[in-house]
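Just below is one structure, and these are the notes that go with it.
Labels below follow one simple rule: chain letters A, B, ... track the order of the sequence lines, proteins then strands, and each chain is numbered from 1.
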Amino acid sequence: MPELPEVEVVRRGLQRWVSGRTIAEVQVLHPRAVRRHLAGAGDFAARLKGHSVGIARRRGKYLWLPLADTDSSVLGHLGMSGQLLVQPEDAADEKHLRIRIRFDDSLGTELRFVDQRTFGGLSLHDNTPDGLPDVIAHIARDPLDPAFDDGGFHTALRLRRTTVKRALLDQSLISGVGNIYADEALWRARLHYERPTTGLPRARSAELLGHVRDVMNAALAVGGTSFDSLYVNVNGESGYFDRSLDAYGREGEPCRRCGTLMRRRPWMNRSSYFCPRCQRPPRIVRTPLPGKL
DNA sequence: CAAGTCTCCTGTTAGC
DNA sequence: TGCTAACAGGAGACTT
């Protein structure tokens with residue numbers, strides 16, 4: 001559920017409270033939290049110890065901390081319910097505390113990875129020449145990345161034989177967009193989630209991309225979207241963007257543009273929220289029957 | 001090979 | 001009241 005704005009809020013917290021500190025000890029309390037680290041929890045802990053943390057970086061929903069004097073980084077993904085918290089060392093352990101990282105200074109705080117559903121985790125990877133952890137080389141740049149290629153996005157989108165929401169959620173095409181911001185951007189763009197990407201006019205996809213950026217920047221400005229205590233910054237504080245959502249979670253409530261009641265449809269094992277009037281479903285395109293013109 | 005589906009996980013809530 | 005089913009959903013693995 002944490003998408004780009006929520007992950008960026010966490011990245012900023014790590015940069016402020018963790019970067020520059022030297023790791024003294026790592027405790028892995030649940031092996032699933034480091035499952036991407038194939039050499040195992042013990043190896044993960046040993047390789048981090050003694051290194052200082054570089055500049056906190058992010059691409060899409062992934063964030064990473066380069067380790068000084070190595071060509072590797074600690075990669076993190078929050079999954080559905082992951083939290084990276086900077087806590088006083090004497091604070092009680094959270095119920096779902098998975099990893100604890102202690103530092104060799106006297107600031108009195110430690111970094112904790114807490115994750116109820118254990119879809120997220122930390123791992124250690126070699127960097128590519130670009131300074132990216134090698135396992136996320138396939139993740140596209142995100143729309144807030146100054147080097148995001150708008151023209152390339154339009155071209156790739158047009159070449160896909162899929163629907164517009166699937167494309168928005170495809171992290172190899174554009175990263176950082178999840179179910180919430182996809183529905184928000186589609187509502188702003190007045191596009192139905194099942195609109196085919198093929199044939200989408202360039203102006204429409206440019207508009208959609210603009211809305212993705214606008215809604216993400218708006219969320220970032222208020223600390224991200226928090227529905228409950230699961231989505232928080234490194235200090236455990238919630239963001240306020242849930243109050244500004246126009247589509248997501250608003251089934252049965254009036255569309256803020258036209259007043260029509262918003263709908264929810266099951267979609268890809270999750271939900272799509274949309275206004276049936278502002279976001280008209282695409283006309284069903286029939287393939288000609290064999291033998292007929 | 002691209003596109004679509006399955007699966008992992010746990011806490012909350014709706015419904016009977 | 002207590003049980004079950006639905007739901008939350010990112011992304012790698014797997015299938016078509």
Side-chain angles (χ1 to χ4, degrees), chain A residues 1-8 10-11 29-38 58-64 75-84 94-99 113-123 125 132-143 155-186 193-198 200 212 216 224-232 238 241-242 245 247-252 263-273 285 287:
Chain A
M1 191 88 77
E3 301 179 31
L4 189 155
E6 293 74 44
V7 178
E8 174 61 15
V10 172
R11 188 201 66 78
L29 296 111
H30 195 304
R32 192 176 298 279
V34 292
R35 67 189 176 285
R36 289 190 78 166
H37 188 83
L38 301 179
R58 182 190 56 74
R59 173 175 287 195
K61 303 168 200 171
Y62 283 95
L63 50 78
W64 66 95
L75 178 68
H77 197 291
L78 302 177
M80 279 287 293
S81 55
Q83 304 174 331
L84 281 163
E94 292 76 8
K95 182 177 179 185
H96 301 293
L97 177 62
R98 308 303 189 193
I99 300 170
F113 180 71
V114 177
D115 192 6
Q116 175 190 105
R117 274 166 264 188
T118 64
F119 277 22
L122 301 183
S123 49
H125 303 281
L132 204 70
D134 54 14
V135 293
I136 63 163
H138 66 290
I139 301 293
R141 290 184 187 275
D142 61 64
T155 305
L157 191 71
R158 292 284 300 253
L159 289 172
R160 294 293 169 104
R161 300 172 65 86
T162 187
T163 51
V164 66
K165 187 171 171 183
R166 281 179 185 276
L168 282 180
L169 296 182
D170 184 341
Q171 305 296 300
S172 65
L173 187 59
I174 179 172
S175 69
V177 184
N179 203 39
I180 298 171
Y181 295 105
D183 279 1
E184 292 302 307
L186 288 168
Y193 59 99
E194 289 193 314
R195 174 78 175 259
T197 49
T198 308
L200 192 69
V212 170
M216 284 183 165
T225 301
S226 306
F227 297 107
D228 53 40
S229 58
L230 283 183
Y231 317 116
V232 296
S238 294
F241 197 69
D242 58 312
L245 294 175
Y248 186 85
R250 298 197 65 244
E251 180 182 23
R263 289 191 184 157
R264 178 182 77 90
R265 286 284 177 275
W267 182 82
M268 275 180 70
N269 276 328
R270 56 200 71 184
S271 296
S272 277
Y273 296 90
V285 180
T287 50

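Partners of Ala185(A) according to the side-chain contact (heavy atoms from CB on, under 4.5 Å) rule, which considers only residues two or more places apart in sequence or in another chain, are Leu208(A), His211(A), Val212(A). With sequence neighbours left out, the side-chain contact (heavy atoms from CB on, under 4.5 Å) criterion links Arg250(A) to Glu253(A), Pro254(A), Arg256(A), Met262(A). Every residue meeting the salt bridge (Lys or Arg N to Asp or Glu O under 4.0 Å) condition with Arg141(A), not counting sequence neighbours, appears here in chain and number order: Asp145(A). Partners of Thr163(A) by side-chain hydrogen bond (donor to acceptor under 3.5 Å, both in side chains), not counting sequence neighbours: none found. Partners of His125(A) by ring-ring contact (aromatic ring centres under 6.0 Å, His included), not counting sequence neighbours: none found. The side-chain hydrogen bond (donor to acceptor under 3.5 Å, both in side chains) test applied to Arg32(A) returns no partner, not counting sequence neighbours. With sequence neighbours left out, the side-chain hydrogen bond (donor to acceptor under 3.5 Å, both in side chains) criterion links Thr118(A) to no other residue. Contacts of Glu194(A) classified as salt bridge (Lys or Arg N to Asp or Glu O under 4.0 Å), with partners at least two apart in sequence or in another chain: none.
Put simply, Tyr181(A) has no side-chain N or O that comes within less than 4.0 Å of OP1 or OP2 on dG10(C).
Pairs of residues two or more places apart, or lying in two chains, that qualify as salt bridge (Lys or Arg N to Asp or Glu O under 4.0 Å) and include a residue from residues 168-182 of chain A are Arg160(A)-Asp170(A).
Remark: P of dG10(C) and CG of Leu4(A) are 13 Å apart, rounded to the nearest angstrom. Rounded to whole Å, the distance from CD1 on Ile180(A) to C1' on dG10(C) is 12 Å. Between His77(A) atom NE2 and dG12(C) atom P the separation is 8 Å, expressed in whole Å. Distance Ile136(A) CD1 to dG12(C) P: 10 Å, rounded to the nearest Å. In this structure, Arg36(A) atom CZ and dA11(C) atom C1' are separated by 8 Å, rounded to whole Å. The CZ-C1' distance, from Arg32(A) to dA11(C), rounds to 15 Å in whole Å. The CG atom of Leu169(A) sits 10 Å away from the P atom of dA11(C) (whole-angstrom rounding). Taking atom CD on Gln116(A) and atom P on dG10(C), their separation rounds to 16 Å, with Å as the unit.
One axis for each end of the helix from dA2(B)-dT16(C) to dC16(B)-dG2(C), each built from five base pairs, and the angle between them comes to 60° at 10° resolution.
A heavy atom lying under 4.0 Å from DNA chain B marks the following residues of residues 158-166 of chain A, by number: Arg160(A), Arg161(A), Thr162(A), Arg166(A).
Along DNA chain B, read 5' to 3', the first and last nucleotides having any atom under 4.0 Å from a heavy atom of chain A are dA3(B) to dG11(B).
Residue contacts shown for Asp115(A) are absent, as no nucleic acid heavy atom lies under 4.0 Å away. At a threshold of 4.0 angstrom between heavy atoms, the contacts of His138(A) are confined to the sugar-phosphate backbone, with no base atom among them.
Across Arg59(A), Arg58(A), Arg11(A), a single residue satisfies salt bridge (Lys or Arg N to Asp or Glu O under 4.0 Å) together with Asp142(A), and that is Arg58(A).
Between the side chain of Gln83(A) and the backbone N or O of Ser81(A) there is no donor-acceptor pair closer than 3.5 Å.
When each of His96(A) and Arg35(A) is assigned the nucleotide of DNA chain B with its nearest heavy atom, Arg35(A) is the one assigned upstream, toward the 5' end.
Salt-bridge annotation for Asp183(A) and Lys165(A): present, with a side-chain N of the basic residue lying under 4.0 Å from a carboxylate O of the acidic one.
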